[in-house]
Amino acid sequence: MQGYVEDGTFILVMGHGGSGKSTLCCSLNGLVPNFFKGSYQGRVLVKGQEVARKKVADMSRLVGLVLQDFEAQLFSTNVELEMAFGPENHCLPRPEIKRRIDRYLFFVGLERLRRREPATLSGGQKQRLAIGSVLALEPEILAMDEPTTDLDPKVGKRFSPWRIT
């Protein structure tokens with residue numbers, strides 16, 4: 001398959017279970033083939049860069065990924081530390097990290113839960129935390145694999161692509 005996606009475009013990929021939607025998402029930031037091994041053919045280019053030749057850490061600056069199993073992304077001891085993890089690993093200045101934590105905690109509606117342990121959150125709150133922690137990286141491209149599975153419909157509307165500004 002070959003294609004080009006222009007900046008500012010929102011794309012929805014649909015398909016049956018096992019059709020490759022998650023694999024596609026994981027190929028955008030280099031998890032496939034650099035972390036998940038298997039048969040890999042062809043090339044995946046993101047912003048002109050061949051993903052297979054890049055480190056996942058380098059691609060994380062360009063492509064943010066919310067996994068289908070969003071709980072697997074959560075490992076910090078509190079919500080605020082979870083939000084800070086990515087920006088800290090990108091060596092951003094403290095004031096910028098704080099700005100991003102505050103902005104995206106508010107956006108995902110978890111600002112009052114910043115000291116809570118992620119394990120104590122509801123499924124929907126954990127999913128919002130995973131989304132917020134990826135948004136805090138402010139990647140150029142955001143890939144979300146079934147990002148609203150644990151959200152109630154009212155909260156899910158909040159994550160429409162035109163609301164993230």
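Numbering starts at 1 and runs along the sequence shown. The model shown is predicted, which means the values in this text are computed figures rather than measured ones.
The ring pair (Phe, Tyr, Trp, His ring centres under 6.0 Å) analysis of residues 58-92, with sequence neighbours excluded, yields the pairs Phe75-Phe85. Listed by first and then second residue, the side-chain hydrogen bond (donor to acceptor under 3.5 Å, both in side chains) pairs involving residues 23-34 amount to none (not counting sequence neighbours).
At a threshold of 4.0 Å, the pair Lys54-Glu50 does not count as salt-bridged, since none of the basic side-chain nitrogens sits closer than that to a carboxylate oxygen. By the 4.0 Å N-to-carboxylate-O rule, Glu82 lies too far from Lys126 to be salt-bridged with it. Electrostatic pairing of Asp150 and Arg128 does not count as a salt bridge here, judged by no charged N lying under 4.0 Å from a carboxylate O. For the pair Lys47 and Asp7, the salt-bridge criterion is met [side-chain N within less than 4.0 Å of a carboxylate O].
Of all non-hydrogen atoms in Glu138 and Tyr104, the two that sit nearest each other are OE2-OH, 2.9 Å. For the pair Glu117 and Thr120, the tightest heavy-atom approach, listed with the atom from each and the gap, is O-OG1, 2.7 Å. Counting all heavy atoms, side chain and backbone alike, Gly64 lies closest to Pro139 at N-CB, 3.4 Å. The two residues Ala136 and Pro87 make their nearest non-hydrogen contact at O-CG, 3.5 Å.
Under the side chain to side chain contact (heavy atoms under 4.5 Å, CB included) criterion, Arg94 pairs with Glu88, Ile97, sequence neighbours left out. Every residue was checked against the side-chain hydrogen bond (donor to acceptor under 3.5 Å, both in side chains) condition with Asn78, not counting sequence neighbours, and none meets it. The side chain to side chain contact (heavy atoms under 4.5 Å, CB included) check on Ser39 picks up Gln41, with sequence neighbours excluded.
Atoms CD and CG, on Gln73 and Leu129 in that order, are 9.5 Å from each other to the nearest 0.5 Å. Here CD of Gln49 is found 8.5 Å from CG of Asp58. Values are rounded to the nearest 0.5 Å. From Glu146, atom CD reaches atom OG of Ser22 across 6.5 Å, with rounding to the nearest 0.5 Å.
Side-chain contact between Leu121 and Val79: present, with at least one pair of heavy atoms (C-beta onward) separated by less than 4.5 Å. Looking at heavy atoms from C-beta onward, Met144 lies out of side-chain contact with Val134 at the 4.5 angstrom threshold.
By the rule that hydrophobic residues join a cluster once side-chain heavy atoms approach within less than 4.5 Å of another member, Leu81 and Leu113 end up as members of separate clusters.
Under the 4.5 angstrom side-chain criterion for Ile, Leu, Val, Met, Phe, Trp and Tyr, the cluster partners of Val44 are Leu28, Leu31, Val32, Phe35, Phe36, Tyr40, Val46, Val51, Val56, Met59, Leu62, Val63, Leu65, Leu67, Ile141.
Within 6.0 Å of NZ in Lys37 there are more than 12 heavy atoms belonging to other residues, nucleotides or ligands. Surrounding NZ of Lys21 are more than 12 heavy atoms belonging to other residues, nucleotides or ligands, all under 6.0 Å away.
No side-chain donor-acceptor contact under 3.5 Å links Glu80 to the backbone of Arg114. The main-chain N or O of Leu137 is found under 3.5 Å from a side-chain atom of Arg100 such that the two form a donor-acceptor pair.
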